[in-house]
Protein chains: 2
Amino acid sequence: MTATGTRAAEADRVFAALANSTRREVLRLLRDGGPQPVQALADHFDMRRPSLSEHLKVLREAGLVSEQRNGRQRIYRLEAAPLADVQDWLHPYERFWREQLTGLGELLDRIPDDEPS
Amino acid sequence: MTATGTRAAEADRVFAALANSTRREVLRLLRDGGPQPVQALADHFDMRRPSLSEHLKVLREAGLVSEQRNGRQRIYRLEAAPLADVQDWLHPYERFWREQLTGLGELLDRIPDDEPS
DNA sequence: ACTATACGTAGGGTTTTTCCTACGCGTTAA
DNA sequence: TTAACGCGTAGGAAAAACCCTACGTATAGT
């Protein structure tokens, strides 16, 4: 946990930040293109630059990007630590999608309490 | 992809569904307690039952739960396939948090274009 | 047939999200 | 110093999220 809020509120912010295709695309651009100033990112979107600035703010407050000032530019950089937290959160569910992919889950779930004959 | 919308819209729905602690707790209850009717889930929350029903609707539309009618009950079951998609989405970012945990990322990022001497 | 139970939906209020235009602030260039 | 550039913020409109209290529908029990 960083500074602000509870653990659940942090997860809220990270998932909410990811729940928007523009913001996911920003993360991809930073991942594939490295740290970039705002205008370079904005060029990829059909959206006014101030709106993208607000998306960057959401990503910043989720800890998914950081900014570094360079003259009059602000270089944004991917910060992947919250994504590692997402993967940790996913982990206890992993056996479920493996079961369901093999069709084993449905079988087990249809036998609620008693043993198979 | 299921039936409705684009791939990005699907990801929107999944991440948005996860961006709420009540809904994440529902998933945990289904994971740890197995398939359950609505009232059994509702007992864990300080919230009216109709509100929880709406949360279940959000989870259903994200494909994260399914319902199976049993008399006048509706048994909700965890559907983990969308979570597998989330893990797939995370995968290209994995090297970033590994780099950043070792402090290697910062070093590399400070050398923008030219080769190291 | 009547009542109770289990659940969803309708409608409404409040807050948040997401876009916009206008503007302010700091930095670089002329 | 004046102008242009890069970026954030303020304020506002439209839509969505999230909670509530009614209410409707279907099944189960008496």
Side-chain angles (χ1 to χ4, degrees), chain A residues 4-6 8-27 29-30 33-62 64-77 112, chain B residues 4-6 8-27 29-30 33-62 64-77 112:
Chain A
T4 322
T6 64
E10 287 243 353
D12 281 7
R13 272 193 294 275
V14 172
F15 281 121
L18 297 176
N20 179 285
S21 62
T22 297
R23 291 193 291 261
R24 287 196 304 278
E25 179 67 6
V26 166
L27 295 181
L29 290 166
L30 294 177
Q36 299 174 44
V38 176
Q39 189 57 56
L41 296 168
D43 288 343
H44 293 83
F45 300 98
D46 182 24
M47 179 185 295
R48 305 294 172 186
R49 189 194 41 72
S51 300
L52 186 67
S53 267
E54 288 172 10
H55 282 302
L56 291 171
K57 183 178 186 178
V58 172
L59 290 169
R60 248 186 289 123
E61 291 176 345
L64 285 161
V65 302
S66 62
E67 67 166 36
Q68 176 197 347
R69 308 180 74 138
N70 184 7
R72 58 187 165 185
Q73 299 186 131
R74 310 206 179 176
I75 309 300
Y76 276 83
R77 175 196 308 254
Chain B
T4 322
T6 65
E10 287 242 354
D12 281 7
R13 273 193 293 275
V14 173
F15 281 122
L18 297 177
N20 179 285
S21 62
T22 296
R23 291 192 292 260
R24 286 196 303 278
E25 179 67 6
V26 166
L27 295 181
L29 289 166
L30 295 177
Q36 299 173 44
V38 176
Q39 189 56 56
L41 296 168
D43 288 343
H44 293 83
F45 300 97
D46 182 25
M47 178 186 295
R48 305 295 172 184
R49 190 196 39 75
S51 300
L52 186 67
S53 266
E54 288 173 12
H55 283 301
L56 290 171
K57 183 178 185 178
V58 172
L59 289 169
R60 248 186 288 122
E61 291 176 346
L64 285 161
V65 302
S66 62
E67 69 166 35
Q68 175 196 346
R69 309 180 72 135
N70 183 6
R72 56 187 165 184
Q73 298 186 129
R74 310 207 180 176
I75 310 298
Y76 277 82
R77 174 198 308 255

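Computed from a prediction, not measured in an experiment: that's the story for all the values here. Note that these values count all heavy atoms, side chains included, but never hydrogens, waters or copies made by symmetry. Sequence lines set the chain letters: A, B, ... in the order given, protein chains first and strands last, and positions in each chain run from 1.
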Length of the line joining [X]:[atom1] and [N]:[atom2], which is rounded to integer Å:
X     : N      : atom1 : atom2 : value
A/L52 : D/dT9  : CG    : C1'   : 15 Å
A/D43 : D/dC5  : CG    : P     : 15 Å
A/K57 : D/dA10 : NZ    : C1'   : 10 Å
A/L56 : C/dC19 : CG    : C1'   : 15 Å
B/F45 : D/dC18 : CZ    : C1'   : 14 Å
A/R13 : C/dT17 : CZ    : C1'   : 16 Å

Exercise. Just checking A/Y76: base, sugar-phosphate only, or nothing, at a heavy-atom cut-off of under 4.0 Å?
Worked result: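 Sugar-phosphate: the residue A/Y76, judged by heavy atoms under 4.0 Å, touches backbone atoms but no base.
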Seminar exercise, completed: Looking only at C/dA6, C/dC20, D/dG6, the nucleotide nearest the A/Q73 side chain is D/dG6
Problem set entry | Per B/E54 side chain, nearest of listed nucleotides C/dC7, C/dA10, C/dT18 |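 Taking heavy atoms from C-beta onward, the closest nucleotide is C/dA10.
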Output one line per pair: protein atom, nucleotide atom from nucleotides 22-30 of chain C, and distance, for all N/O pairs under 3.5 Å.
{"from": "C/dT27", "atom 1": "O2", "to": "A/R72", "atom 2": "NH1", "distance (Å)": "3.4"}

Exercise. Can you check whether A/H55 has a side-chain N or O nearer than 4.0 Å to OP1 or OP2 of C/dT17?
Worked result: no
Exercise. Below 3.5 Å, does any donor atom in the side chain of B/E67 face an acceptor in the base of C/dC7, or the other way round?
Worked result: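 Per atom types, no contact qualifies.
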